[in-house]
Number of protein chains: 2
Amino acid sequence: MTGTATSRTPAARPGALTEEAARERIIAAADELFYGRGVQNTGMDEIRGAAGVSLKRLYQLFPSKEALVEQMLLERHRAWTEGMEVAAAGAPDAVGALLAIYDYLAGWFRQENFRGCAFINCFGEMGSTSPRIAAVVRRHKSDFQEFVARLVSDAGAPPSLAPQLALLAEGAQTTAAIAGTDESAGQARNAAQTLIRVALTA
Amino acid sequence: MTGTATSRTPAARPGALTEEAARERIIAAADELFYGRGVQNTGMDEIRGAAGVSLKRLYQLFPSKEALVEQMLLERHRAWTEGMEVAAAGAPDAVGALLAIYDYLAGWFRQENFRGCAFINCFGEMGSTSPRIAAVVRRHKSDFQEFVARLVSDAGAPPSLAPQLALLAEGAQTTAAIAGTDESAGQARNAAQTLIRVALTA
DNA sequence: CAGCAGTGAGAACGATCGTTCTCCTGGCCG
DNA sequence: CGGCCAGGAGAACGATCGTTCTCACTGCTG
């Protein structure tokens with residue numbers, strides 16, 4: 001606003017990172033550390049080190065730790081939504097799309113850095129002190145509910161099936177995180193199959 | 001050990017609390033504060049204030065914050081197990097006992113201080129840094145799995161039903177916590193009813 | 001009655017951490 | 001070529017917090 005008319009992008013500095021690149025590296029570092037170790041067990045200094053930026057740059061792009069957590073959750077939400085939609089789109093039919101949810105979860109659970117749902121973890125850690133974070137988490141969960149409801153509708157099943165299938169997915173996530181195994185995905189898938197079959201033949 | 005032969009209980013001091021009473025008050029305060037606000041958002045000083053004991057006494061009874069968290073979780077585990085067993089025992093038959101799980105959850109969700117499963121919350125907050133806490137959480141969840149498995153066996157249903165019903169209970173807890181409503185209990189109950197019916201008529 | 005053991009109240013300590021500030025270096029524009 | 005602005009590295013600051021220590025007191029024991 002107050003700049004001169006020639007507000008060129010400083011961008012292409014040789015040794016330095018472009019703003020976009022710095023943003024991405026910071027978010028990636030925040031995701032790995034916050035998710036892997038917990039938000040409160042990770043200092044901003046560690047994020048800086050892992051991202052390879054200066055503290056100044058870090059605070060220039062994200063005004064506070066809370067804002068960084070929020071942005072990393074939003075990015076995770078984007079990736080989750082995209083992953084779910086791709087998985088559903090690859091299924092042969094509407095019922096297959098619903099079951100694909102649990103196959104997607106199974107693949108996630110098998111990743112060695114899997115530590116449960118980042119949203120649930122952050123909610124437990126900051127939900128009571130940060131309304132912004134709590135809102136992002138609620139939004140994520142309600143978006144997932146809507147996603148499942150859409151697939152249920154496509155399959156021609158009654159709407160009451162959707163929250164039931166969502167509960168199975170939620171339970172599978174926390175169970176896999178705590179037990180440290182991926183079997184809950186298959187169990188949820190089997191239960192979902194039964195519920196879908198009954199709902200469709202009613 | 002090194003005390004004199006007359007190791008009497010100092011117990012009945014007029015103004016002071018007995019060791020047992022202090023323990024209970026501390027655990028109660030820890031439960032309320034740790035659960036309501038998160039472990040890391042609660043200082044030992046606040047626990048002391050809420051329990052009405054001195055810091056010295058507090059550290060004498062619980063050698064560290066981690067130990068206090070562990071003991072409060074163990075107490076919660078006891079209360080949860082007892083509540084579940086009472087709820088199941090009050091049901092007319094084995095299927096009713098399984099469904100009573102979700103009624104018990106519904107009652108819990110409606111409590112105004114409900115903030116999700118304390119074990120999941122603590123796991124997210126300390127699971128990666130405290131093996132002791134992680135172990136208590138895993139034990140709690142596996143005990144619940146066994147409890148459900150026993151009821152499923154009593155009902156004459158195949159063992160594969162048990163983890164499915166447990167997933168519904170887990171999902172209902174996190175969903176209720178984040179959404180702030182109790183409807184997930186009813187949804188889980190309905191889904192459970194369907195799964196049980198199918199499992200028994202197979 | 002003298003002494004001691006345990007206690008309450010709270011100060012003190014050491015560490016951590018979120019955030020800001022200082023200093024310095026190196027391109028870019030005029 | 002000289003001033004200027006952006007950025008990097010890291011020190012510094014202020015607050016919080018887990019844990020321990022000090023000190024005065026009280027009720028019991030011998």
Side-chain angles (χ1 to χ4, degrees), chain A residues 2-23 25-26 29-30 33-34 37-72 125-126 129-130 132-133, chain B residues 1-23 25-26 29-30 33-34 37-70 72 125-126 129-130 132-133:
Chain A
T2 61
T4 63
T6 66
S7 67
R8 80 280 183 262
T9 41
R13 204 69 144 295
L17 269 52
T18 189
E19 179 176 321
E20 195 66 17
R23 255 201 142 73
R25 293 180 60 163
I26 292 169
L33 291 172
F34 286 159
R37 204 185 316 169
V39 173
Q40 318 226 47
N41 294 318
T42 304
M44 291 295 267
D45 223 53
E46 296 178 85
I47 303 266
R48 181 207 54 165
V53 302
S54 70
L55 261 186
K56 196 171 185 173
R57 193 89 134 123
L58 177 50
Y59 273 93
Q60 180 176 306
L61 295 174
F62 303 93
S64 68
K65 191 179 190 181
E66 184 188 21
L68 180 53
V69 173
E70 183 183 1
Q71 292 302 313
M72 92 75 156
E125 218 169 339
M126 324 178 55
T129 53
S130 169
R132 295 184 67 88
I133 301 300
Chain B
M1 281 307 182
T2 61
T4 63
T6 66
S7 66
R8 80 284 181 257
T9 40
R13 204 66 144 298
L17 270 51
T18 188
E19 179 176 322
E20 195 66 17
R23 256 200 141 76
R25 293 179 63 160
I26 293 170
L33 292 172
F34 286 158
R37 201 186 316 169
V39 173
Q40 321 227 45
N41 295 318
T42 304
M44 291 295 269
D45 223 54
E46 297 179 85
I47 303 267
R48 181 208 51 165
V53 302
S54 70
L55 263 186
K56 195 170 186 174
R57 193 87 134 126
L58 177 49
Y59 274 94
Q60 181 176 307
L61 295 174
F62 303 93
S64 69
K65 191 180 190 180
E66 184 189 20
L68 180 53
V69 173
E70 183 183 0
M72 88 85 158
E125 218 170 339
M126 324 178 55
T129 53
S130 168
R132 294 184 67 88
I133 301 299

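Lettering follows sequence order; numbering is per chain, from 1. Excluded from the calculations below are hydrogen atoms, water molecules and symmetry mates; all remaining heavy atoms, backbone and side chain alike, are included.
For the pair M126(B) CE and dC17(D) C1', the computed distance is 14 Å after rounding to whole Å. Separating the CG atom of D45(B) from the P atom of dG18(D) is a distance of 9 Å, rounded to the nearest angstrom. Between the NZ atom of K56(B) and the P atom of dT7(C) there is a distance of 8 Å, given to the nearest Å. The nearest whole Å value for the distance from the CD1 atom in I26(B) to the P atom in dT7(C) is 12 Å. If you take CG of L58(B) and C1' of dT7(C), they are 14 Å apart, rounded to a whole angstrom. If you take CG of L61(A) and P of dG18(C), they are 17 Å apart, rounded to a whole angstrom. Here the P atom of nucleotide dT20(D) and the CZ atom of F62(B) are 16 Å apart, to the nearest Å. If you measure from atom CZ of R57(A) to atom C1' of dG8(D), you get 10 Å, rounded to the nearest angstrom.
Contacts of S130(A) classified as side chain to side chain donor-acceptor pair (under 3.5 Å), with partners at least two apart in sequence or in another chain: E66(A). Not counting sequence neighbours, Q40(A) has no partner by the side chain to side chain donor-acceptor pair (under 3.5 Å) test. Residues forming a side chain to side chain donor-acceptor pair (under 3.5 Å) with R48(B) (at least two apart in sequence, or on another chain): D45(B). For the side chain to side chain donor-acceptor pair (under 3.5 Å) test, no residue two or more places apart in sequence or in another chain qualifies with N41(B). Residues passing the side-chain contact (heavy atoms from CB on, under 4.5 Å) test with E70(A), sequence neighbours excluded: L74(A), R132(A), I133(A), V136(A).
Put simply, the side chain of E46(B) never gets that close to the backbone of L33(B): no donor and acceptor are under 3.5 Å apart.
The side chain of L55(B) has dT20(D) as its nearest neighbour among dA11(D), dT20(D), dG18(C). Across dG10(D), dG18(C), dT20(D), the shortest atom-to-atom separation from the side chain of Y59(A) is found for dG18(C). Of the candidates dT19(D), dG8(C), dG10(C), dG10(C) carries the atom nearest the R48(B) side chain, counting heavy atoms from C-beta on. For Q60(B), the side-chain atoms get nearest to dT7(C) when compared with the rest of dT20(D), dT7(C), dT19(C).
Near-neighbour residues of DNA chain C inside residues 63-70 of chain B, defined by a heavy atom below 4.0 Å, are absent.
Taking the centre and axis of the six-membered ring of F62(B), the NZ or CZ atom of R57(B) falls outside the cone set by 45° and 6.0 Å.
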